[in-house]
There are 2 protein chains.
Amino acid sequence: MSNLNARISEAFVTAGVRPTPQRYAVLEFLARRPVHATAEEIFHAVNRKDPRSSRATVYNSLRSLTHAGLVREIASCGKAARFDTNLCPHHHFVCDSCGAVEDIAWVEIPQSALGGRMVRNYDVVFRGLCERCARSDREAGERQ
Amino acid sequence: MSNLNARISEAFVTAGVRPTPQRYAVLEFLARRPVHATAEEIFHAVNRKDPRSSRATVYNSLRSLTHAGLVREIASCGKAARFDTNLCPHHHFVCDSCGAVEDIAWVEIPQSALGGRMVRNYDVVFRGLCERCARSDREAGERQ
DNA sequence: GTATTTGCAAATCATTTGCATAAAC
DNA sequence: GTTTATGCAAATGATTTGCAAATAC
């Protein structure tokens, strides 16, 4: 636990981000629960204990942390953006039926065909049915 | 030209989408101009000629067409969703500096590691600097 | 004739902004 | 002490919704 705290503090220093208690709370929450939380969920989570953050501060914190590379924003899965800590690179799977967002192992993509563009990163989003929804879909089909 | 019209009409039939003039106008616009238009841009474009569509109808049309697979929604490039016709599969490059969205040749992705999930499609979004922004970035660096 | 779709304006949801106060360096 | 971040409430932007009138099958 103090291990995690130390790593978070260090991350702020090496990323050159001013470590406010509010930002710390956001990063700690994301580091502790590897879910793909929305800003709203993070807002509620950090306001269950101290320090409290306003919604605007949660958004500000997420932006700073994302900009510094400590957090990753996943924009393409539904309405609200989702965030996760950027510890090891991975892609995402979004279930068309229940909206679940799951991690998928990183895939190297051959970056020919990219011309003079300077690629900073890339993101693969798979879409379809998650295991649970695929199963209940199959069962519904059999029932007919 | 009548070629395109015929193809569009046929697309409605084979996709099983009720072909209203408003939907037709949306699909025709997207098919004619291979840009990644936002709903707002499409709304303005179709309202320059007949048939007029309300904003709600443009959104409805885009949803039906996307659902039917005739149009693809690109969600992860800025605030507003962008749309293109789904004629040949491709990925996207988003410029972090100017926001341009460019097409990138399709890449096959090895779909191991996807477990029991049923993948319907996937989408690779590359991010970085487009050729023009990369160039002016380089020039700005030299000037210092 | 029945099921869908359209148009409008109002509603909603996610996110941003402006500005005074407070905290970090 | 100066710069940067916070909190609040109001503003904005994108998209959706409810419902009556119109259109497609």
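Everything quoted here is computed from the prediction, not taken from an experiment. Proteins get letters first, then strands, A, B, ... in listed order; numbering begins at 1 in each.
- Taking only side-chain nitrogens and oxygens, S54(A) never comes nearer than 4.0 Å to OP1 or OP2 of dT6(D).
- Across the protein-nucleic acid pair, K79(B) atom NZ and dA14(C) atom C1' stand 8 Å apart, rounded to whole Å.
- When distances run from any side-chain atom of A56(A) to the nucleotides dA24(D), dG7(C), dC8(D), the shortest one goes to dC8(D).
- Computed from coordinates, the R82(A) CZ to dT15(C) C1' distance equals 16 Å when rounded to whole Å.
- Summarising the geometry, the separation between OH on Y59(A) and P on dA14(C) is reported as 7 Å, rounded to the nearest angstrom.
- The OH-P distance, from Y24(A) to dA5(D), rounds to 19 Å in whole Å.
- The interatomic distance linking N47(A) (CG) with dT6(D) (P) rounds to 13 Å, in whole Å.
- Here the OG1 atom belonging to T20(B) is positioned 9.5 Å from the CG atom belonging to N60(B), to the nearest 0.5 angstrom.
- Among the protein residues, E40(B) comes within range of no part of the nucleic acid, since none of its heavy atoms lies under 4.0 Å from any strand.
- If you check dT15(C), dT6(D), dT17(C) against the side chain of S61(A), the one that comes closest is dT6(D).
- Between dG7(D), dA5(D), dT6(C), one nucleotide has an atom nearer to the side chain of R23(A) than all others, and that is dA5(D).
- Of the listed nucleotides (dA9(C), dA14(C), dT4(D)), dT4(D) has the atom at the smallest distance from the side chain of R18(A).
- To the nearest angstrom, C1' of dC13(C) lies 14 Å from CD of E41(A).
- Taking the nucleotide of DNA chain D with the nearest heavy atom to each of E73(B) and P19(B), the more 5' of the two is matched to E73(B).
- The only member of L30(B), V71(B), I74(B) that meets side-chain contact (heavy atoms from CB on, under 4.5 Å) when paired with D84(B) is I74(B).
- S64(A) comes within 4.0 angstrom of no nucleic acid atom, judged by non-hydrogen atoms across all strands.
- Among dT15(D), dA14(C), dT6(C), the nucleotide with an atom closest to any side-chain atom of A81(B) is dT15(D).
- Using bins of under 30°, 30° to 60° and over 60° for the plane-to-plane angle, the ring pair H91(A)/W106(A) lands in the parallel bin.
- Sequence order on DNA chain D of the closest nucleotides to T20(B) and T38(B) puts T38(B) first from the 5' end.
- The local environment of NE2 in H67(A) is sparse, with at most 12 non-hydrogen atoms from other residues, nucleotides or ligands closer than 6.0 Å.
- Side chain of Q22(B), nearest nucleotide from dA24(D), dG7(C), dT15(D): dG7(C).
- Atoms CZ (F12(A)) and C1' (dA5(D)) sit 13 Å apart, rounded to a whole Å.
- Between H92(B) and H36(B), the ring planes lie perpendicular to each other; the angle is over 60°, past the 30° to 60° tilted range.
- Look at CG on N60(A): it is 16 Å from P on dC19(C), rounded to the nearest Å.
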